[in-house]
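Here's the structure, in structure tokens; my notes come after.
What you see is a predicted model, and the numbers here were worked out from it, not measured in a lab. The sequence lines fix the lettering, A, B, ..., with proteins before strands; numbering per chain opens at 1.
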Amino acid sequence: MEKKVQTRREGLPELPNLNSRKPVLRFAPNPNGPLSFGHSRGLVINGQYAKELDGELILRFDDTDTTVKPPMLEAYDSIPKQQEWLCGFPAHRIVIASERMDKYHEYATKMLEGGFGYVCTCSAESFREFRVSKQECPCRGNSVDENLELWRKMNDPEGFQPGEAVLRVKTDMTLKNPALRDWPAARIQTNPHPRVGNKWRVWPLLDFQSAIEDYLQGVTHIIRGKDLMDSTRKQTLLYAHFGWDYPETIYWGRVKVHEFGAFSTSQMKRDIAEGIFDGWDDPRLPTLSALSRRGIKADSLRAFWIELGLTQKDISVPLSTLYSHNTKAIDAQAPRLAFVRNAYPVKLSGDFPKTGTISSHSDTEMTPRQYSIDEGVWIEEDDSGKPIRLKDLCDIDSTGNVESIDRSDKRSVVHWVAGGTPSKLTIADGQEITTVEGILEDHNYPVGTILQLERIGYAIVEDDGLLMVHD
RNA sequence: GCUCGUGUAGUGUAGUGGCCCAUCAUGAAGGCCUCUCGAGCCUUCGACCCGGGUUCAAAUCCCGGCACGAGCACCA
């Protein structure tokens, strides 16, 4: 009897409702800081579809909140670079919401003129009561002219102040889902925007800004977290008012990575300012710059997210899954080198080859390492005091007497360094960071080379030592 | 509380009524190879949340539980 072979879908699922179009996708981060691991999912998935289906990827800066999540100017430069690093191609279009404010105002006005939006002067608290009790608020009955006048007052510095008025989309106060009842579309913010200053006073909220921009850009497919499901429903109601068709929408569930605790961009920003972390690329942080510095390849992140796919399940994955992809990406190019932790000197006596070469990689062609032994070698303290085999050299007893050149028994094989240079290995393990002193075999590899430290794991060469990549 | 969503091996994932006593990866255990606790190769372990129903046939459809998650912001 033959074993039945099953066909298994590889890669991302087919994009629904494509109808032989070229898809237009978008990824819309808030530029209140550089990109993190969490953002990489949106970038990888949207980017991958755009690439595979010869479509377009729009990188959009959703920077319409100057109060809670004020934009960070450097992020407008760093995000496109990181996007290109991660996706392997630059975004086809870059859209900056704060530069598109005239459009959002235009459509806000159209909404008021069309009678499906209104300016609400209720307080947030009293509107919450209306929402819960399914009652219409008094402002809902404003005439178009009244609304246009109130809208003018929202935009007038002499008029409403922040919190005194908000623009709402008229849906239906009796909708089953409370989140959808006459949702807010824009509010007044007087903090200056780092890019456009005080040019605008009324700023759209995400659901309105994103909905209008997706329409203007011709987005065909929106792929995003399922926490935004209600956003889709709100925006669909707005699209219906305008007579537009909402893009096809796909969701993914929440991903928790155990090793990355709860990091938020704003919290990281505070902690860096306070000196708890060295910078955005501190190896303890889950930012893309930190991951890249730690030797995680863009290919590995792509493979990781594509493997997780697009299910709506909330999942929890260990970082070792990402590391396993990364090992495949780096192993063939990682020269082997010895780093002796807590170096312990051993004086060798007897006959052994004082100079020679050792392979740098058992599976690939790579320039071999050369060694030259004066009178002794360094081994790890943990390996001392017992008969051992110095890898690729000889068997010795606990005192350093050479017993055999060929491997004579099953004693453990340990790595060693002749000469070498004091160095340190930095290991970031979640929030913990430790440094191990040791002796590193001499080498000429430039900064950025990923090595495999024998019996330890992969590490990347930095200016002032080694940074652990992973086991 | 209301609303929405999800439940396949330890962790992820394939599977949309029969090809499934369920795929692949990772993990764990063992072996081979290799003078690394690396890579590669081989073997083994291990799952359809529970209860009903529809059907000749259900992981797949329906109903009810249960569990978990998210939304109900003048954040994104």
Any side-chain N or O of [X] under 4.0 Å from OP1/OP2 of [N]?
| X | N | value |
| --- | --- | --- |
| A/R407 | B/rC35 | no |
| A/R187 | B/rC75 | yes |
| A/T311 | B/rU6 | no |
| A/K234 | B/rG71 | no |
| A/R455 | B/rG38 | no |

Pair assignment for [N], Watson-Crick or G-U wobble, requiring both distances under 3.5 Å:
| N | answer |
| --- | --- |
| B/rC2 | B/rG71 |
| B/rG38 | none |
| B/rA47 | none |
| B/rG17 | none |
| B/rU26 | B/rG10 |
| B/rU54 | none |

Separation of atom [atom1] in [X] from atom [atom2] in [N], rounded to whole Å:
| X | N | atom1 | atom2 | result |
| --- | --- | --- | --- | --- |
| A/E307 | B/rU26 | CD | C1' | 7 Å |
| A/I388 | B/rC37 | CD1 | P | 14 Å |
| A/N32 | B/rC75 | CG | C1' | 10 Å |
| A/L322 | B/rG27 | CG | C1' | 16 Å |
| A/M366 | B/rA39 | CE | P | 15 Å |
| A/L180 | B/rU3 | CG | C1' | 8 Å |
| A/D331 | B/rU36 | CG | P | 13 Å |
| A/K313 | B/rA9 | NZ | P | 7 Å |

Using only modelled atom types and a 3.5 angstrom limit, is any donor from either the side chain of A/D363 or the base of B/rG38 paired with an acceptor on the other? yes
Between the side-chain atoms of A/R336 and the base atoms of B/rG38, is any donor-acceptor pair under 3.5 Å? yes
Should the pair [X]-[Y] be classified as a salt bridge under the 4.0 Å nitrogen-to-oxygen rule?
| X | Y | result |
| --- | --- | --- |
| A/D63 | A/K69 | no |
| A/R100 | A/E213 | yes |
| A/R336 | A/D363 | no |

Parallel, tilted or perpendicular: rings of A/F304 and A/F37 (30°, 60°): tilted
Whole-Å P distance, B/rC49 and B/rU60: 8 Å
Of A/M229 and A/V317, whose nearest nucleotide on RNA chain B comes first from the 5' end? A/M229
Counting the benzene-type ring for Trp, do A/W203 and A/Y104 have ring centres under 6.0 Å apart? no
Which part of the nucleic acid, if any, lies within reach of A/L206 when heavy atoms closer than 4.0 Å are counted: base, sugar-phosphate only, or nothing? base
Regarding A/R254, tell me which of base, sugar-phosphate or nothing describes its non-hydrogen contacts under 4.0 Å with the strands shown. sugar-phosphate
